[in-house]
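Structure first, commentary second.
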Amino acid sequence: MRTHDPADRSVTSRRRWLLSAAGLLAVAVALLPAQAAFANGSRVDRDATLRGEGRELGIQIGSAVAATPLAGNATYAQILGQQFSSITPENEMKWASIEKTQGVLDFSAADAEVAFAEQHHMLVRGHNLVWHSQLPAWLTSGTFTNAQLTDLLRQHIMTEAGHFRGDIFQWDVVNEPFNDDGTLRSTIWLNAIGPSYIADALRWAHRADPRAKLFLNDFNIEGIGPKSDAMFALVKSLKAQGVPIGGVGFETHLGLQFGFPNQFQANMQRFADLGLDVSVTELDARMILPVTPALLQQQADTYRQVMNACVAVTRCVDLTVWEYTDKLSWIPGFFKNQGAADIYDENFAPKPAFFSTLDALSNPVSKRHHRSRGDGD
Ligand code: XIL
């Protein structure tokens with residue numbers, strides 16, 4: 001029961017005064033660090049991180065990770081844990097890495113990466129269960145019947161997805177199944193099992209780890225064209241058949257010399273409209289060397305456009321860069337005279353592309369399902 005005692009009223013008004021003073025203070029504190037400008041003119045908080053800004057939008061920001069520098073380079077590990085909320089083992093979960101000798105499984109490198117992720121409250125993308133590349137030599141040079149290959153694949157998927165059951169939020173179950181013209185790539189799996197190998201792999205993976213979201217992942221499907229049309233037709237038909245497909249990964253290995261993919265956002269959106277998650281899984285933007293300020297600027301614009309597209313598509317739930325530092329990028333080893341594709345340079349200094357990516361998250365093109373500050377990871 002409320003009283004009308006003047007003393008009580010003064011307590012109430014004092015409390016009100018204190019509350020509004022505290023409120024003003026809170027507003028002042030909130031305004032203080034806001035919108036500090038970096039030397040390069042980008043409008044983001046001084047202490048903002050990719051993972052922190054991504055969390056505001058419900059986007060996990062990931063990086064590929066390599067086991068050797070993770071164990072031996074403290075700077076690499078520190079930036080990884082600070083800036084990213086997800087990792088993808090760059091090689092350590094591939095079949096050639098875990099089963100060099102038939103029947104002898106070694107998950108130790110991948111386990112160490114998963115442990116790092118857990119310690120730093122990060123998610124893990126599993127990469128990958130079925131691919132034509134980085135297969136063990138005993139498998140590719142062996143003489144197996146189609147029935148044996150089918151058994152080997154099933155066993156591999158059940159064993160690996162089973163080993164990491166509960167640790168993986170998204171599995172790249174089948175990696176790079178298409179040719180650029182939209183036909184299925186001729187691989188050991190297509191040849192042994194036929195086109196159903198994709199649905200089979202998804203079903204086996206689902207049995208082994210029912211909670212992981214299961215993905216098909218490919219490159220050159222960012223824009224609309226024959227290859228992305230083929231992926232679209234495939235996942236649509238898989239969904240219609242009740243095959244456990246949860247998402248599509250757009251690798252997004254871009255080259256500045258090719259320009260930006262045609263209708264990237266609209267393309268991701270049509271997959272999202274099928275009820276799938278869409279992920280940018282292996283983003284980098286290489287250039288023909290040498291590096292120039294103009295190329296670094298073009299690269300920054302490219303990363304910004306990719307992030308803007310992801311922000312604009314609500315089902316784009318994560319964006320992963322394929323290594324965050326040029327020091328460890330796969331590009332120079334695979335594309336002659338090209339490189340500098342990542343958001344940090346070889347000395348771990350953030351490049352213009354880092355700031356444009358951060359800025360795209362801090363000043364999003366659309367609101368998405370904006371969550372309040374202070375949410376946990
Ligand atoms: C690359 C790794 O980055 C390299 O270290 C390795 O030598 C070859 O594979 N598409 C993929 C990735 O799905 O697994 C590839 O990763 C890059 C292209």
Side-chain angles (χ1 to χ4, degrees), residues 62-73 76 80 84 86-100 109-110 112-114 124-137 139-140 156-157 160-161 164 168 170-180 184-185 187-190 198 201-202 205 213-223 227-228 231 247-255 258 261 278-286 306 318-336 338-344 346:
S63 175
V65 61
T68 307
L70 187 65
N73 185 327
Y76 176 69
L80 186 69
F84 298 92
S86 154
I87 53 166
T88 306
E90 188 174 344
N91 290 296
E92 293 75 4
M93 290 185 176
K94 293 170 180 173
W95 198 338
S97 303
I98 61 151
E99 196 177 359
K100 282 190 185 66
E113 294 171 338
V114 171
V124 182
R125 292 197 87 252
H127 178 78
N128 54 56
L129 293 171
V130 186
W131 197 20
H132 61 274
S133 183
Q134 293 184 274
L135 292 169
L139 179 63
T140 50
H156 165 66
I157 291 174
E160 176 154 19
F164 292 109
I168 304 292
Q170 299 174 340
W171 256 119
D172 288 332
V173 175
V174 181
N175 201 36
E176 304 182 341
F178 287 107
N179 296 311
D180 277 348
L184 281 178
R185 187 193 287 271
T187 69
I188 184 172
W189 310 119
L190 183 70
I198 295 173
L202 288 161
K213 279 237 175 172
L214 305 183
F215 277 65
L216 304 184
N217 188 52
D218 217 325
F219 63 96
N220 284 352
I221 58 163
E222 293 74 30
K227 194 172 186 179
S228 64
M231 180 66 98
V248 170
F250 301 77
E251 291 187 10
T252 323
H253 292 295
L254 304 180
F258 305 124
V278 290
S279 303
V280 175
T281 53
E282 303 183 14
L283 175 61
D284 49 24
R286 61 188 183 269
V306 174
D318 56 302
L319 178 148
T320 292
V321 295
W322 205 241
E323 285 297 353
Y324 70 85
T325 163
D326 291 337
K327 187 181 176 65
L328 295 165
S329 171
W330 72 302
I331 294 295
F334 282 78
F335 299 88
K336 202 166 175 274
Q338 297 179 53
D342 296 344
I343 59 176
Y344 283 72
E346 300 197 350

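Just so you know, ligand 1 is whichever comes first in the structure, and atom 1 is the first atom listed for that ligand.
- Of the heavy atoms in E323, none comes closer than 4.0 Å to ligand 1.
- Taking a cut-off of under 4.0 Å to the non-hydrogen atoms of H127, the atoms of ligand 1 that pass are 11 (C), 12 (C), 13 (O), 14 (O).
- Applying the salt bridge (charged side-chain N to carboxylate O under 4.0 Å, His left out) rule to D342 yields no partners; only residues at least two apart in sequence or on another chain are considered.
- Of all the heavy atoms of D172, none lies under 4.0 Å from any atom of ligand 1, so neither backbone nor side chain is involved.
- Listed by chain and residue number, N91, K94 satisfy the side chain to side chain donor-acceptor pair (under 3.5 Å) test with Q134 (two or more places apart in sequence, or in another chain).
- The protein heavy atom nearest to atom 8 (C) of ligand 1 is Q134 OE1, 3.5 Å.
- E323 and Y76 share a donor-acceptor pair across their side chains, judged by distance under 3.5 Å alone.
- If you run side-chain hydrogen bond (donor to acceptor under 3.5 Å, both in side chains) between K227 and each of N179, D180, N220, only D180 comes through.
- Against a heavy-atom cut-off of under 4.0 Å, F334 is close to the following atoms of ligand 1: 7 (O), 8 (C).
- Under a 4.0 angstrom heavy-atom cut-off, F219 registers as lying outside contact with ligand 1.
- Checked by atom type, the side-chain pair N217/E176 shows no donor-acceptor distance below 3.5 Å.
- With ring centers used as reference points, H132 lies 6.0 Å or more from W189.
- Around atom 3 (O) of ligand 1, the closest heavy atom drawn from E176, K94, M93, E90 belongs to E90.
- For the residue pair D318 / S86, no side-chain donor-acceptor distance below 3.5 Å is found, with atom types taken as modelled.
- Contacts between N128 and ligand 1, counted as non-hydrogen atom pairs separated by less than 4.0 Å, are absent for every part of the residue.
- A distance of 7.0 Å separates OG1 in T325 from CD in E346, rounded to the nearest 0.5 Å.
- Atom 6 (C) of ligand 1 has N91 OD1, 3.3 Å as its closest protein atom, hydrogens excluded (heavy atom only).
- Atoms of ligand 1 found under 4.0 Å from any heavy atom of E282, numbered from 1 in the order shown, are 10 (N), 11 (C), 12 (C), 13 (O), 17 (C), 18 (C).
- Residue W330 has no N or O atom closer than 3.5 Å to an N or O atom of ligand 1.
- Note: no N/O pair closer than 3.5 Å links N217 and ligand 1 by distance alone.
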